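Heads up: the structure comes next, in C-alpha cells.
Predicted model only: the values in this text are computed from it and were never measured. Worth knowing before you read on, the calculation uses all heavy atoms, side chains too, and leaves out hydrogens, waters and symmetry mates. By convention in this document, chain letters (A, B, ...) are assigned in the order of the sequence lines, proteins followed by strands, and residues within each chain are numbered from 1.
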Number of protein chains: 2
Amino acid sequence: MSSRAEDTPSPRWGTGKPTINDVARLSGVSKKTVSRVINRSPLLNEDTRKRVLEVISELGYVPNPQARALALRTNFLIGLIHDNPNAQMVLNVQQGILEALQGTDFEMIVRPVDRGSAAMLDDVRHFLQRQRLYGVILLPPISENDALARLCDEAGCRYVRMGSAELDDADHMVASNDREAVRAATAYLIEQGHRSIGLIAGPHGFRSATERRQGFEDALAEARIKLPRSLIAEGNYTFASGLAAAEKLLDLSPRPTAIFASNDEMAAAVVHAARQRGVDVPGQLSVIGFDDTPISAHIWPPLTTVRWPIVSMARSAALKLLSGIGESDSEVAEPSMFLSTLVRRASVAPAPNP
Amino acid sequence: MSSRAEDTPSPRWGTGKPTINDVARLSGVSKKTVSRVINRSPLLNEDTRKRVLEVISELGYVPNPQARALALRTNFLIGLIHDNPNAQMVLNVQQGILEALQGTDFEMIVRPVDRGSAAMLDDVRHFLQRQRLYGVILLPPISENDALARLCDEAGCRYVRMGSAELDDADHMVASNDREAVRAATAYLIEQGHRSIGLIAGPHGFRSATERRQGFEDALAEARIKLPRSLIAEGNYTFASGLAAAEKLLDLSPRPTAIFASNDEMAAAVVHAARQRGVDVPGQLSVIGFDDTPISAHIWPPLTTVRWPIVSMARSAALKLLSGIGESDSEVAEPSMFLSTLVRRASVAPAPNP
DNA sequence: TGTCACCTGGAAACCGGTGTCATACAAGTG
DNA sequence: CACTTGTATGACACCGGTTTCCAGGTGACA
C-alpha cells in the first residue's frame, strides 16, 4: 500500500488488544482513573473501582508492559548474572528468584558470562547500559569480583551479591556460613577417627575457596592435628580438576583415610578416582563434598556433603532487590545470612585401623 | 515539592542519560535521522551518518529499549518455557538460545512451569498475555503438549517446540532423531552379544519416551530377539523412578545382561542399584543411557550414552524464531532435524558367557 | 451561608523512540 | 524546459501508558 517501506521488524502485537482508552470509554471514566485502579491508588471511590474492574475483566484488558515501563522509567526486569559453576546451582537460583518474583510484575533475564574472558567486564557494562535493568543478582563465583559490583554502581543499577563469605555489606549481599559448615564437616571426620585428611581446595583467589579452606583448617587446629602441605591439593571446582587433585592425593603414601573436597563435582571425582584404582569408599577412604547437588545423591556411595540453602538465599536476594536496597522504607529486612548443614550419607565411615 | 505524592515505584533511570533528542540537537539533524542511523536505514547520506555516529559515541548514547519496544510493538524478549527435566539440559538450552541472541537486541526470559499442576495452562496464558513476548521456545517434555502450542497460537505468540520426535511441522519444531539413535545404541548392545536386554522406558504419554522405546524395539526386531514384557519397566525420567525400575529388572531371574535406560538419570540409577546389590558393571551388566549429561561421565563406570546436540538445537530454535516463522522472507531455513550419536564409554562390555 | 480543605476526575503534556507524509533538491528524460 | 524519478531529510502524529495541573463537587466548620 505505502509507496515504500522503511526496513523495520514487522510488528505483531497491538492489533486486537484493548487499550486503557477502551476501558476508560466503556466504564465512563478517564484514563487516569483506570490507571489509578491498575496501580491500586488508595484515593479512589470504591464504586468506581469496581465498575472499572468489571470492564477490565470483561474486555480481558492487560496493560501493555512496554508502555508502563517507558512511563515509569523502570523495566520490571531482574538480571541474573552468573558464570556457570554448576548447572543445578544455577537452576536452583533461578527457581528461588522466580519464587520471589511470583505475583509481581517483574521477570528474570539470564546472562551467563565468561569469567576467563578479558572482555567480561565490558560485556557486562554494555549489557547493563543497554537493558537498564531494575537490578541484578550476582552469583558466585563471579559475585566475588569487586570490579563487577563497582560496575553496577557506576551504571546506576541495583545489585545483590550471593556469596559464601562474611557479610561485608548486608545491603548488597546474601551469604552462607561456609567456614563454620566446613569446620563442622571436618570435625565429623575427625570424630570418626580420621587423622590423615586430605583437602581439595577451590581455586585460588575465590572467597568461597578461602572460607572452606579456613573451616577445614579450623577443625584440624581445634583437634591439634598437623596439616602437611602435601595433603592439600587445588582444583577449580570442575570434575576434571578434581580428578587430577584426587589422583595426587591417592598416590601419596601413606594414603589419607579421608578427603574433603570443596564441592560435589570434585568429591565425585575423588570417588571416581578411588574406584578406578580399587580403593574402597568408604571402607578405605571417606569422602565429603559441598553443595548437595543431585550428583552427590546419585553416585555410589551417596556422598556426605554440606547443603546450603541456595533456593532460599536466591529468593531472599531477589526480595532484597525488590524491597529497594538502601532505601529507608524497607520495613522488614530480608535475612542476609544463611546456615549450611551437614547431610550425612554413606561416603563416610570410621577410619580403618592401621 | 508537590503537595502530595501518589504511590508509585520510584524511578531510577532516565535522570542523566542522553536521549535521542540530545543526539539530534548536537549533530544538527532531526530525531528521525538519528533513528535512521540507529536502525541502519540505507537511504541515508554517508556524511550525515558518520557525524551522527560520532556524536553518539561521544555522548555515550544508548537507545532506550523500552521506548523502542513501545514504538515497535515488540519487546525484544524471547521466552523459554520449560518444566525442568534436568538441570544440565535446561542450562545447555539457555546457552544455545543466548548464543543465537548474541549481537541482537533480544534477551531471554525464563519461565519454569509445573507440568503436574492443573493451573499450568492458565499460568502460561496469563504469562503470554502480560508479557507479549516476541516468541517462546518450548522445551521437552512440556513441548509435547499440543494444548500449549494452541495457546501460543491463540495468544498470537510465535513459538518453536524442541522435540525428540519426527517433524510434524518444521516451521514450529526442532527435533532430534531419537528413534534411530536408540536403535543404533541397542544394536551395539546386541553386537556385544547381549540377548537379554532390559528397557527402562520413559513415562507414558511422552513422545520422547515412545520414540526411544520404538528405537529399542526396532533393534530387537531386526535381530529377531523376542522382548518379554517382564524386561520392560517404566520410569518418569527421575533418578528415584529409575531406581525402582532398575530394582525390578535386577531382581528378575535370569537377570538381563544389559539395560537401556531412556535417560542418564535413570541409567545412573541402574548403576547405583547394581552396585548396591553387588552386580558388577559392566562385567555382569552393561548399561546405556541417553542425554550425555555430566553425570554420565562422572559416575563410575562412565556411562555409554546417546548424545544429542542440544546446544545446537536450542540455537537453531532461537534463530528460527528470529527469522520469522512462516514468513516468506526467511532466506535460509534453519535446520530442523538433528542427529544424535552414540558415545561409547566404559559401561558396556561383551555379554558374559552363560 | 461562606470559606476552606479534601477528594475526584478530565485535559494535556510527557516518557523516548518510530511511522507517515511532505518537502527540497539533484539527476534523468523526451 | 517541463516532468518524472529518486534521494535525503524534517515536521508531526503516534505507541499506551503515567503524571501534572487544574477545576468542580463535597462535607466540615465557623
Stepwise side chain to side chain donor-acceptor pair (under 3.5 Å) check, Q66(B) with Q131(A): CA-CA 9 Å; Q66(B) 282 86 277; Q131(A) 292 304 128; over 6 Å; no

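- By the 30° and 60° cut-offs, the orientation of the rings of Y134(A) relative to F106(A) is perpendicular.
- The CD-C1' distance, from Q131(A) to dG16(C), rounds to 16 Å in whole Å.
- Under 4.0 angstrom from either OP1 or OP2 of dT9(D) there lies at least one side-chain N or O belonging to T48(B).
- An OP1 or OP2 oxygen of dG10(C) is reached within less than 4.0 angstrom by a side-chain nitrogen or oxygen of S30(A).
- Inter-residue side-chain proximity for V93(B) and H82(B) is flagged as unmet; no heavy-atom pair is nearer than 4.5 Å.
- Atom CD1 of I56(B) is separated from atom C1' of dG16(C) by 14 Å (rounded to the nearest Å).
- Salt-bridge check for R111(B) with D123(B): failed, with every basic side-chain N at 4.0 Å or more from each acidic carboxylate O.
- For R49(A) and dC7(C), the CZ to C1' distance is 14 Å, given to the nearest whole Å.
- To the nearest angstrom, C1' of dT18(C) lies 5 Å from NZ of K32(B).
- In this structure, of dG9(C), dT18(C), dG10(D), it is dT18(C) that holds the atom nearest to the side chain of A71(B).
- Donor-acceptor pairing under 3.5 Å, judged by distance alone, is absent between the side chain of R36(B) and the base of dG19(C).
- DNA chain D is contacted by both G28(B) and A67(A); G28(B) maps to the nucleotide lying nearer its 5′ end (nearest heavy atom per residue).
- Contact check, N39(B) against dT18(C): a side-chain N or O comes under 4.0 Å of OP1 or OP2.
- Between S35(B) and dT18(C), a side-chain N or O to OP1/OP2 separation shorter than 4.0 Å is present.
- Place V29(B) and L70(A) on DNA chain D by their nearest nucleotides, and V29(B) ends up nearer the 5' end.
- Judged by distance alone, the side chain of D83(A) and the main-chain N or O of P112(A) form no donor-acceptor pair under 3.5 Å.
- A donor N or O paired with an acceptor N or O is not found under 3.5 Å between the base of dG16(D) and the side-chain atoms of R68(A).
- Following rounding to the nearest Å, K17(A) (NZ) and dG17(D) (P) show an atom-to-atom distance of 11 Å.
- Remark: C1' of dA8(D) and CG of L43(B) are 8 Å apart, rounded to the nearest angstrom.
- Side-chain atoms of K31(A) and base atoms of dG10(C) include no donor and acceptor less than 3.5 Å apart.
- Here dT18(C) presents its C1' atom at 11 Å from CZ of F76(B), a figure rounded to the nearest Å.
- Rounded to whole Å, atom P of dC15(C) lies 13 Å from atom CG of L72(A).
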